[in-house]
Colleague: 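After the structure tokens below, expect a handful of questions from me.
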Amino acid sequence: MAQNVYDNPDFFAGYSQLPRQVHGLAGAPEWLAIQAILPDVKGKRIVDMGCGFGWFARWAREHGAETVTGLDVSEKMIARAMADTSDPAIRYEVADLEVLELPEASFDFAYSALTFHYIKDFDRLVRMVHRSLRPGACFVFTIEHPIYMAAMHPCWWSDKDGRKTWPVNRYAIEGERRTNWFTDGVLKYHRTIGTTLNTLITAGFAIRHVEEFAPTADQITDNPGLAEELERPMMLLISAKR
Ligand SMILES: C[S@@+](CC[C@H](N)C(=O)[O-])C[C@H]1O[C@@H](n2cnc3c(N)ncnc32)[C@H](O)[C@@H]1O
């Protein structure tokens, strides 16, 4: 059974206050960059893995998706997604991506945002997603950037001018990483960029686009706190095709 930290009441309360959960996709600085690599969702049967509050599911339906299946291991996240959605073409289900099996060739587009770094067996998941897509279908996902994950330990340092620096530790040592975020000991899994991309290629995907998200100058003007994202990549955005 996967860790299910989003059902921890303290974690859930803190997480629910993040701008990206209060304002939805517009509160996620990487959303514009994601949109640039999304396929046209019109008429597509979509699966959203780690759907959270269902922001993407609702956006996809507003943009013409035929159906969206939103899956998440957290009962609290799914309950909130259901409460915020009144659309019979969106189906939410509690499901653990570590063991999930989807029917073969049943989706036209697979999507996931900021979830796969919680998954231990990425190889199994990617092969399963490949089987679940019809030939030619797209797979777009975002994860915490492996450099960001590796820079989390032992946290940042300061240079001689007191500026934060971001050492990368144990980058080549893949596997468990623990971090304190709303609660202690949140479990994530670090994989190098090479492993991430090669897992997709080995499963039969063609890589279409790889984006190491950095905010634009306009975004930093609007939200100066985003300048930190120029110091090291925080998110990795990948588009692949079956
Ligand atoms: C950072 S949130 C992202 C939520 C949503 N995709 C978004 O962008 O707003 C990560 C989500 O992944 C879910 N998750 C973590 N591990 C999971 C697993 N093993 N199976 C299914 N969902 C999982 C969490 O419950 C949480 O809702």
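For clarity, every value in this text was computed on a predicted model and none was experimentally measured. Numbering of ligands and ligand atoms starts at 1, following listing order.
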Colleague: Using a heavy-atom cut-off of under 4.0 Å, does the side chain or the backbone of Tyr15 touch ligand 1, or both, or neither?
Modeller: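 Within the 4.0 Å criterion, Tyr15 contacts ligand 1 through side-chain atoms alone.
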Colleague: Output the list of atoms in ligand 1 that are nearer than 4.0 Å to some heavy atom of Ala2, sorted by atom number.
Modeller: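 Per the distance check, 19 (N).
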Colleague: Nearest protein heavy atom to atom 20 (N) of ligand 1, by residue and atom, and its distance?
Modeller: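 Here the nearest protein heavy atom works out to Leu97 N, 2.9 Å.
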Colleague: Write out the residue and atom name of the closest protein heavy atom to atom 5 (C) of ligand 1, then the distance separating them to 0.1 Å.
Modeller: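 Protein heavy atom at minimum distance: Gly50 O, 3.3 Å.
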Colleague: Test of understanding: given a 4.0 Å heavy-atom threshold, classify the contact between Gln21 and ligand 1 as side chain, backbone, both, or neither.
Modeller: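 Answer for Gln21: side chain.
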Colleague: Mind checking whether Arg20 has a heavy atom under 4.0 Å from ligand 1?
Modeller: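 It does not, in that no heavy atom of Arg20 comes within the 4.0 Å cut-off of ligand 1.
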Colleague: Kindly confirm or rule out a cation-pi arrangement of Arg80 over Phe53, judged by NZ or CZ under 6.0 Å from the six-membered ring centre and within 45° of its axis?
Modeller: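 Yes, Arg80 and Phe53 form such a contact.
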Colleague: With a 4.0 Å heavy-atom cut-off (strictly under), which part of Ser112 contacts ligand 1: side chain, backbone, both or neither?
Modeller: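 For Ser112, no heavy atom sits under 4.0 Å from ligand 1.
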Colleague: Tell me whether Asp7 is salt-bridged to Lys76, with the criterion being a basic N under 4.0 Å from an acidic carboxylate O.
Modeller: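 No, this pair does not count.
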Colleague: If hydrogens are left out, which of Thr142, Val73, Leu125 has an atom nearest to atom 17 (C) of ligand 1, that is, the closest non-hydrogen atom?
Modeller: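 Among Thr142, Val73, Leu125, the closest heavy atom to atom 17 (C) of ligand 1 belongs to Val73.
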Colleague: Once the angle between the rings of Phe205 and Phe139 is folded into 0 to 90°, is it parallel (under 30°), tilted (30 to 60°) or perpendicular (over 60°)?
Modeller: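 Phe205 vs Phe139 ring planes: tilted.
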Colleague: At under 4.0 Å between heavy atoms, is it the side chain or the backbone of Ala113 that contacts ligand 1, or both, or neither?
Modeller: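 Both the backbone and the side chain of Ala113 come within reach of ligand 1.
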Colleague: Show which atoms of ligand 1 fall inside a sub-4.0 Å distance from at least one heavy-atom site of Met77.
Modeller: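 Atoms satisfying the 4.0 Å criterion: 27 (O).
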Colleague: What atoms of ligand 1 come closer than 4.0 angstrom to any heavy atom of Ala95?
Modeller: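 The list of qualifying atoms is 20 (N), 21 (C).
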Colleague: Aromatic rings Phe116 and Phe141: how do their planes relate, parallel, tilted or perpendicular, breaks at 30° and 60°?
Modeller: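 Because their plane-to-plane angle lies in the 30° to 60° range, the rings of Phe116 and Phe141 count as tilted.
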Colleague: Taking distance alone, with no angle check, do Asp96 and ligand 1 share an N/O pair under 3.5 Å?
Modeller: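 Yes; the residue has a nitrogen or oxygen that sits under 3.5 Å from a nitrogen or oxygen of the ligand.
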Colleague: How close does the nearest protein non-hydrogen atom get to atom 16 (N) of ligand 1, and which residue and atom is it?
Modeller: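 Of every protein heavy atom, Tyr118 CB, 3.7 Å lies nearest to atom 16 (N) of ligand 1.
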Colleague: What residue and atom, counting heavy atoms only, is the protein's closest point to atom 11 (C) of ligand 1, and at what distance?
Modeller: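 Answer for atom 11 (C) of ligand 1: Thr115 OG1, 3.5 Å.
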Colleague: With no hydrogens and no angle check, just 3.5 Å: does a side-chain donor-acceptor pair link Arg91 and Thr67?
Modeller: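 Side chains of Arg91 and Thr67: no pair found under 3.5 Å.
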Colleague: Report yes or no: is the cationic atom of Arg58 (NZ for Lys, CZ for Arg) closer than 6.0 Å to the six-membered ring centre of Trp55, at no more than 45° off its axis?
Modeller: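 Yes, a cation-pi geometry holds between Arg58 and Trp55.
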Colleague: Cut-off 3.5 Å, side chains only: do Glu30 and Thr142 have a donor facing an acceptor?
Modeller: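 The answer is no; no qualifying pair exists.
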Colleague: So which of Ile34, Ile119, Asp72 gets nearest to atom 13 (C) of ligand 1, if we judge by its closest heavy atom?
Modeller: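 Residue with the shortest heavy-atom distance to the ligand atom: Asp72.
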Colleague: Without hydrogens or angle criteria, can the side chains of Gln3 and Tyr118 be said to hold a donor-acceptor pair below 3.5 Å?
Modeller: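 No, no side-chain donor-acceptor contact under 3.5 Å.
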Colleague: Applying a strict under-4.5 Å side-chain criterion to I, L, V, M, F, W and Y, I'd like to know whether Met234 and Leu32 cluster together.
Modeller: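 No.
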Colleague: Parallel, tilted or perpendicular: which one describes the rings of Phe11 and Tyr15, with boundaries at 30° and 60°?
Modeller: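 Parallel, since the angle between the ring planes stays under 30°.
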Colleague: Has Arg242 got a side-chain atom pairing as donor or acceptor with Val129's backbone, closer than 3.5 angstrom?
Modeller: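 No, the answer is negative, given that no donor and acceptor are paired below the 3.5 Å cut-off.
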Colleague: Does any N/O atom on Leu114 come nearer than 3.5 Å to any N/O atom on ligand 1?
Modeller: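 For ligand 1, there is no N or O atom that lies under 3.5 Å from one belonging to Leu114.
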Colleague: Give the residue, atom name and distance (to 0.1 Å) of the protein heavy atom nearest atom 1 (C) of ligand 1.
Modeller: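 Protein heavy atom at minimum distance: Tyr6 OH, 3.0 Å.
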